[in-house]
Amino acid sequence: MPAETLPPPTLRVAEIDPADHLAFLESRPAASFLQTPAWGRVKAEWRRESVGFLEQGPDGGERLVGVALVLYRQLPKVRRYLAYVPEGPVLDDWDRDLRSVLPPLAAHLKGRGAFAVRIGPPVVLSRWDAKQVKEGVADEAVRRLHDMAPSERSAEGARVVSQLTELGWRAQVAEGGFAAGQPQYVFQVPLTRADGTPRTEDEVLKGMNQLWRRNIKKADKLGVEVACTSGVAETLEALADFHQLYVHTAERDHFTPRPLSYFRTMVEALAGEGEALGQDDRLRIWTARHEGDLVASTISVRVGTHAWYSYGASSTEKRDVRGSNAIQWAMIRDALAHGAHVYDLRGITDTLDADDSHVGLIQFKVGTGGEAVELAGEWDLPLNPLLYKAFDLYMGRR
């Protein structure tokens, strides 16, 4: 067999200590907070496991070259599980041949009783800048992001998708671009220039549209005061006010709110993990007040150079003081101050249809001057075809 057709050396996949898992994440520039050991504590209804990808060196020793937080959800009445790796695994290099990475992962998870594996490779496929998105919404001929050529296509992303397909993985995409678990399309504000150097606050502000800049200025002029928490105890103290406003927002905007207990666990797990590492901003609660009234509140998360706007709430009263704009600007400035390269406003749909109810979300986010980003999305590998088919039918009926 010619040398070039030989498969790459296979990595060994095994359970690892959560401390080793966290240490690997800390050695990387950034990773999704959904891949931290702490996130496994947040998803209490799932069984959790930290696994490592181990590569043998020339001296015979092994080194850790990747990690994954695996969440196991049991099928009703059957001791079989969906093994879920949200926004992961985290590898030292996604240029690796996935034939060396994914088969040993699947074998390990099958041995744990998994009937299927779901992963969300953290790689970008395409990007559209703010100007393109704005023009797309205004153009009646444009209905979806892919009706326009992206400003950037990723060769790495295309290679990952090609290898996943070759290895028998199946893309999981729901209508509108939301993947089965995590969104495939997100909106991000780059906080570095093309050469990797940090942007200044003035540069980021000038990149926003006129309405955003005017609203930020108006909030400041009217005396809106933005504050944030630091550490577990202070964040827990702020949680009740956040949750009360969040429930109010859910009633107004017609979505089902998460219970207070969920956010308490999230704070204790994520902020606690950060506190143990000496990081005061792993998870923070932000508040915007006008004359003492809470007008907006948010939760931010940061892991390495990636910062996220995770949850948000706003009052129906006093919307004209622009607390939501003020709080976002404060969060962006904080991300810059902590050396973040990306400020991530999380999910959007791929719609640019002005008549679609979802378009308002992308219009709000595009005002930040960022970019729409298409990720590789979530992919399934059936390990037990019969059980997977039954699971797929069940999910399709929900």
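One is the number of the first residue; the rest follow in order along the sequence.
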S.K.: Does R289 pair with D241 as a salt bridge, N-O distance under 4.0 Å?
M.R.: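 The answer is yes: the pair qualifies as a salt bridge.
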S.K.: I'd like to know if R193 and D195 make a salt bridge, using a cut-off of under 4.0 Å between side-chain N and carboxylate O.
M.R.: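 Looking at R193 and D195, the cut-off is not met.
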S.K.: In plain terms, say whether R28 and D92 are close enough for a salt bridge, that is, a side-chain N and a carboxylate O under 4.0 Å apart.
M.R.: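 Salt bridge: no.
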S.K.: Taking only Lys NZ, Arg NE, NH1 and NH2, and the carboxylate oxygens of Asp or Glu, determine whether R73 and E45 approach each other closer than 4.0 Å.
M.R.: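 Looking at E45 together with R73, the answer is yes, because their closest N to O distance falls below 4.0 Å.
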S.K.: Taking the six-membered ring for Trp, are the ring centroids of Y246 and F263 within less than 6.0 Å of each other?
M.R.: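 For Y246 and F263, the ring centres are under 6.0 Å apart.
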S.K.: Check whether the ring centres of Y309 and W286 lie less than 6.0 Å apart, and answer yes or no.
M.R.: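 When the ring centroids of Y309 and W286 are compared, they turn out to be at least 6.0 Å apart.
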S.K.: Under 4.0 Å between a side-chain nitrogen and a carboxylate oxygen: does that hold for R346 and E87?
M.R.: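 Yes, R346 and E87 are salt-bridged.
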S.K.: Looking at R170 and D380, is any side-chain nitrogen of the basic one under 4.0 Å from a carboxylate oxygen of the acidic one?
M.R.: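 Looking at R170 together with D380, the answer is no, because their closest N to O distance does not fall below 4.0 Å.
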S.K.: Hey, can you tell me if W46 and Y84 have their rings parallel, tilted or perpendicular (30° and 60° cut-offs)?
M.R.: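 Answer is tilted, since the angle falls between 30° and 60°.
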S.K.: For residues F391 and F115, establish whether the separation of their ring centroids is below 6.0 Å.
M.R.: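 Centroid distance F391-F115: below 6.0 Å, so yes.
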S.K.: Between E135 and K131, does any NZ, NE, NH1 or NH2 come within less than 4.0 Å of an OD or OE carboxylate oxygen?
M.R.: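 Looking at E135 together with K131, the answer is yes, because their closest N to O distance falls below 4.0 Å.
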S.K.: Which word best sums up how the rings of W39 and F33 line up, parallel for under 30°, tilted for 30 to 60°, or perpendicular for over 60°?
M.R.: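 Because their plane-to-plane angle is over 60°, the rings of W39 and F33 count as perpendicular.
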S.K.: Is the closest basic N to carboxylate O distance between E26 and R282 below 4.0 Å?
M.R.: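 The answer is yes: the pair qualifies as a salt bridge.
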S.K.: How are the rings of H146 and W128 set relative to one another: parallel (under 30°), tilted (30 to 60°) or perpendicular (over 60°)?
M.R.: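 Taking W128 first and then H146, their aromatic rings stand perpendicular (interplane angle over 60°).
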S.K.: Any Lys/Arg nitrogen of R112 or E49 sitting under 4.0 Å from an Asp/Glu carboxylate oxygen of the other?
M.R.: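 Salt bridge present between R112 and E49.
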S.K.: For K318, is there an ion pair with E291 - N to carboxylate O distance below 4.0 angstrom?
M.R.: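 Yes, E291 and K318 are salt-bridged.
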S.K.: Any salt bridge linking R12 with E55? Criterion: basic side-chain nitrogen under 4.0 Å from a carboxylate oxygen.
M.R.: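 Between E55 and R12 there is no salt bridge, as every charged N stays at least 4.0 Å from the carboxylate O atoms.
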